[in-house]
Structures are given as C-alpha cells and as structure tokens.
2 protein chains.
Amino acid sequence: MTDIFFDVEKHSDHQKFLKGMELLYFAYRDFISWPDDVLQTLGFGRAHHRVLHFVGRNPGLKVAELLKLLNITKQSLSRVLSTLVEKGHIRQDIGAQDRRQRLLYLTDQGKILLNKVAEHQKDHMLKAFNNAGTQSVEGFWHVLSALIADENRDDILSQINRDMGE
Amino acid sequence: MTDIFFDVEKHSDHQKFLKGMELLYFAYRDFISWPDDVLQTLGFGRAHHRVLHFVGRNPGLKVAELLKLLNITKQSLSRVLSTLVEKGHIRQDIGAQDRRQRLLYLTDQGKILLNKVAEHQKDHMLKAFNNAGTQSVEGFWHVLSALIADENRDDILSQINRDMGE
DNA sequence: AAAAATATGTCAGTCATGTTGACATATTTA
DNA sequence: TAAATATGTCAACATGACTGACATATTTTT
C-alpha cells in the first residue's frame with residue numbers, strides 16, 4: 001500500500017500534473033462509459049441522462065437553472081427536454097408565483113428510468129470508494145472541489161449539498 | 001476544515017454516490033473546459049489535444065496503441081491525425097522491425113504547441129493539489145485508480161507510470 | 001511461392017450533441 | 001403601456017464520434 005505510485009511526495013510538479021490528469025481522464029471515461037445500454041434502447045443518450053439526473057435531484061427545477069447546471073444553450077436543451085417530456089419521463093408545471101416559468105419534475109416513469117440507469121453507476125462508484133477507503137474518499141472530494149472553477153465553486157457546492165434524500 | 005461536507009462517515013451510500021458523481025462531473029467539466037482558446041485559433045479541438053498529449057507522453061507510439069488509449073475507431077482518428085501531420089505537429093516514422101507500423105512523434109513545433117496548451121491545465125491542477133493538500137491528492141489518486149474499469153486498470157496504470165520525464 | 005493475417009489509411013454516409021442568430025409568445029415589472 | 005424576462009422554436013452549421021466497405025503495404029503462415 002505504500003506503493004511508490006501513490007507517494008505524492010516522490011513526484012515533481014510535472015509528474016503530479018501528468019498523473020492527476022491521466023487518472024482523471026481514464027477514470028472519468030470508464031465511469032461514464034456504461035449507461036448507454038439502458039438508455040440507448042430507448043433512443044436516449046448522455047444528454048438525456050444528465051437532464052434526468054438534475055431534474056431528479058432538484059424537483060421543481062426551473063429551465064434557466066437547468067441550463068446553468070448543464071452549461072449549454074437553450075436550443076441544445078430543447079431537443080433533449082422535448083423528447084423526455086413527449087415520452088412521459090418529465091413533467092413541466094407552470095410556476096405558481098411566476099407563470100412564465102416551467103418547473104420540471106420527473107414522472108413516475110422517469111424515476112424508474114433514472115433509477116435503472118443510476119444503479120450501475122452507483123455500484124461502480126461505491127465499489128471504488130470501498131476499495132480506496134474512507135480517508136481516500138475524503139481526499140477525492142477535497143481535490144475535486146478544488147478543481148471546480150473559482151467562479152462556480154460556491155454555487156456548485158451548495159447545489160451538491162442540497163437535500164440528498166434517503 | 002472538519003466541514004460536514006467532507007465527512008464521509010456522515011453520508012449514506014446514496015449520498016456518497018451523489019456527491020462523488022456530481023463533484024466528478026463539475027470538476028471534470030471545469031478542468032477540461034479551457035484549452036479551446038489556444039487550440040481553436042489553429043482550428044484544432046479537444047480531439048487534437050488528446051492526440052498531442054498521448055503522442056507527447058509516448059514518443060514512438062504506434063497507431064494501434066494510440067487508438068486503444070483514445071478508445072475510438074481509426075476512421076475517427078484519421079482526420080485528426082492527418083491534419084496534425086499535415087500542419088507539422090506530428091511526425092510518422094516507419095517502424096524499424098515492422099515496416100507496416102507508423103511510429104508517432106511530436107515535432108518541435110508540436111512540442112511547443114502542447115506545452116502552450118498544457119500550461120493552463122497544469123496551473124489549474126497544481127493549484128487544486130496545493131489547496132487540497134498532499135494527503136488529499138493521494139486519496140484522489142487512489143479513488144481514481146479504483147474507478148478505472150477492472151479490465152483496463154493494469155494496462156492503464158502502467159501506461160501512466162511510464163517515464164514521466166523531468 | 002502463394003495465401004492469410006496484420007497495420008494502416010481512406011471514402012462515404014450517419015448520428016449525437018453542441019453552437020449562432022433570429023424571432024415568437026406569454027407573462028411580469030417598471 | 002412599454003420594457004424586460006422566461007421559455008420555445010426554426011434554420012444552418014461544427015465537431016467528434018460511428019459503421020461499412022475497400023485499398024495498400026508488409027509480415028507471417030502454410
């Protein structure tokens with residue numbers, strides 16, 4: 001376990017950078033590479049998955065807020081969101097105070113789909129967390145938080161900290 | 001610093017999963033969102049950057065090996081690699097033992113470009129590492145390694161561990 | 001020596017996801 | 001009433017992936 005591979009002190013700055021970047025690249029790639037199976041059958045892709053995820057995490061999310069989380073234009077979102085609404089996975093309610101707003105919710109069908117998709121990823125991540133150990137997970141979270149752009153960090157961390165259910 | 005946000009033990013499995021996934025998503029997004037400026041001016045995109053990176057890291061890399069690292073088809077690689085060769089950033093030498101192979105190297109011009117592009121990312125990551133601290137970086141690496149798909153882990157870790165220069 | 005396998009490249013068509021720009025509609029605010 | 005805001009939509013385009021089919025040079029097998 002005192003593997004030299006993980007001994008940060010034995011790395012130059014450049015080596016730390018390379019190792020961090022490549023590990024991040026490969027880990028991210030392998031982590032998001034799977035959901036396709038479930039979604040592809042329904043004609044959905046990653047974009048749909050992201051929308052399902054954020055709406056599931058933030059019931060009543062406004063379209064403008066979703067756009068900010070996704071960092072895309074409304075035109076890009078449009079296609080994806082429309083099909084999810086058409087196929088009955090997402091419901092749009094008219095805002096109570098402001099009737100211009102559309103508040104987004106998962107339908108029961110949408111919840112089922114999201115659960116099915118999340119299951120694999122959840123297993124994947126929890127297995128990794130267990131293998132790495134609690135201490136490492138804490139470090140993982142710390143570094144990831146530090147990697148978020150300064151202008152975004154506060155917003156994003158409080159978004160992540162929203163009611164996590166269960 | 002004993003922030004409840006980072007206290008892993010205080011999280012249910014589902015909460016660990018959500019926090020890990022969302023942090024990974026936002027951190028990755030912000031980390032790779034920048035190189036565009038430098039590359040876009042030259043008509044290059046992320047795909048070109050990845051090729052420059054891996055060829056830079058593995059001088060003499062064979063095309064087949066590059067394809068495996070990138071996880072894409074040769075047709076996809078073709079356009080990207082061709083333009084990099086045309087514009088003088090990458091050189092293809094014929095294999096010494098096996099003349100069918102093309103061994104890839106950065107030209108001096110390619111090295112300059114890659115350095116320029118890597119500079120920002122390197123600052124970004126090292127700043128995050130310094131803010132998070134050595135202990136956290138080690139945990140970061142551990143978790144990322146664990147997140148790599150089992151079938152790929154050995155190959156990838158030894159790839160990452162290749163001569164890291166400097 | 002001929003046949004099969006391998007490493008690479010290329011043409012052509014398609015798809016998913018992002019972009020801009022222009023405009024439309026409903027609703028709220030000034 | 002006029003202006004601002006939240007959302008949606010049409011059209012054109014870019015990037016980076018994909019599949020399928022085929023070509024060429026070279027090495028390996030028979």
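In what follows, chains carry the letters A, B, and so on, assigned in the order in which the sequence lines appear, proteins first and then strands, with residues in each chain numbered from 1. Given the structure is predicted, the values throughout are model-derived calculations rather than measurements.
Contact check for A/F17 versus B/H124: no side-chain heavy atoms found under the 4.5 Å cut-off. The side-chain heavy atoms of A/H49 and A/Q121, taken from C-beta on, include a pair separated by under 4.5 Å.
Distances shorter than 4.0 Å separate none of the side-chain N or O atoms of A/S78 from OP1 or OP2 on D/dG8. Close to D/dT27, at under 4.0 Å from its OP1 or OP2, lies no side-chain N or O of B/Q101.
Residue B/L67 contributes atom CG, which lies 16 Å from atom P of D/dG16 at whole-angstrom precision. The distance from atom NZ of A/K68 to atom P of D/dA6 is 13 Å, rounded to the nearest whole Å. Rounded to a whole Å, the NE2 atom of A/H49 is 14 Å from the P atom of C/dG18. Look at CG on B/L103: it is 14 Å from C1' on D/dT26, rounded to the nearest Å. Residue B/L81 contributes atom CG, which lies 13 Å from atom P of D/dA17 at whole-angstrom precision. Atom CG in B/L104 sits about 14 Å away from atom P in C/dA7, given to the nearest Å. Put simply, CD on A/Q92 is 12 Å from C1' on D/dA6, counting in whole angstrom units. Atoms CG (B/L70) and P (D/dA17) sit 8 Å apart, rounded to a whole Å.
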Inset, instruction - Mark up nucleotides 21-28 of chain C, 5' to 3', with B wherever a protein heavy atom is under 4.0 angstrom from a base atom, S wherever such an atom reaches only the sugar-phosphate, and - elsewhere. - result: BB---BBS
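Contacts classified as salt bridge (charged side-chain N to carboxylate O under 4.0 Å, His left out) and involving residues 68-85 of chain A (residues at least two apart or in different chains) are given here: A/K68-A/D155. Within the structure, the side chain to side chain donor-acceptor pair (under 3.5 Å) test picks out the following pairs touching residues 87-98 of chain A (sequence neighbours left out): A/H89-A/Q109, A/R91-A/D93, A/D98-A/R100.
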Can you tabulate the close N/O pairs, meaning under 3.5 Å, that link protein atoms to atoms of nucleotides 14-17 of chain C?
{"from": "C/dT17", "atom 1": "OP1", "to": "A/R46", "atom 2": "N", "distance (Å)": "3.0"}
{"from": "C/dT17", "atom 1": "OP1", "to": "A/A47", "atom 2": "N", "distance (Å)": "3.4"}

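For A/H53, there are no ring pair (Phe, Tyr, Trp, His ring centres under 6.0 Å) partners at least two apart in sequence or on another chain.
Salt-bridge formation is detected for the pair A/E65/A/K62: a Lys NZ or Arg NE/NH1/NH2 atom is positioned less than 4.0 Å from an Asp or Glu carboxylate oxygen.
Under the 6.0 Å distance and 45° angle rule, B/K19 counts as a cation-pi partner of B/F5.
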Counting only pairs under 3.5 Å, give me each side-chain donor-acceptor contact of residues 146-153 of chain B, with atom names and distances, residues two or more places apart or in other chains.
{"from": "B/D150", "atom 1": "OD1", "to": "B/R153", "atom 2": "NH1", "distance (Å)": "3.3"}
{"from": "B/D150", "atom 1": "OD1", "to": "B/R153", "atom 2": "NH2", "distance (Å)": "2.9"}
{"from": "B/D150", "atom 1": "OD2", "to": "A/K127", "atom 2": "NZ", "distance (Å)": "3.2"}
{"from": "B/N152", "atom 1": "ND2", "to": "A/D30", "atom 2": "OD2", "distance (Å)": "3.2"}
{"from": "B/R153", "atom 1": "NE", "to": "B/S145", "atom 2": "O", "distance (Å)": "2.7"}
{"from": "B/R153", "atom 1": "NH2", "to": "B/A146", "atom 2": "O", "distance (Å)": "3.2"}
{"from": "B/R153", "atom 1": "NH2", "to": "B/I148", "atom 2": "O", "distance (Å)": "2.6"}

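A/H142 and B/F6 have their aromatic ring centers within a separation under 6.0 angstrom.
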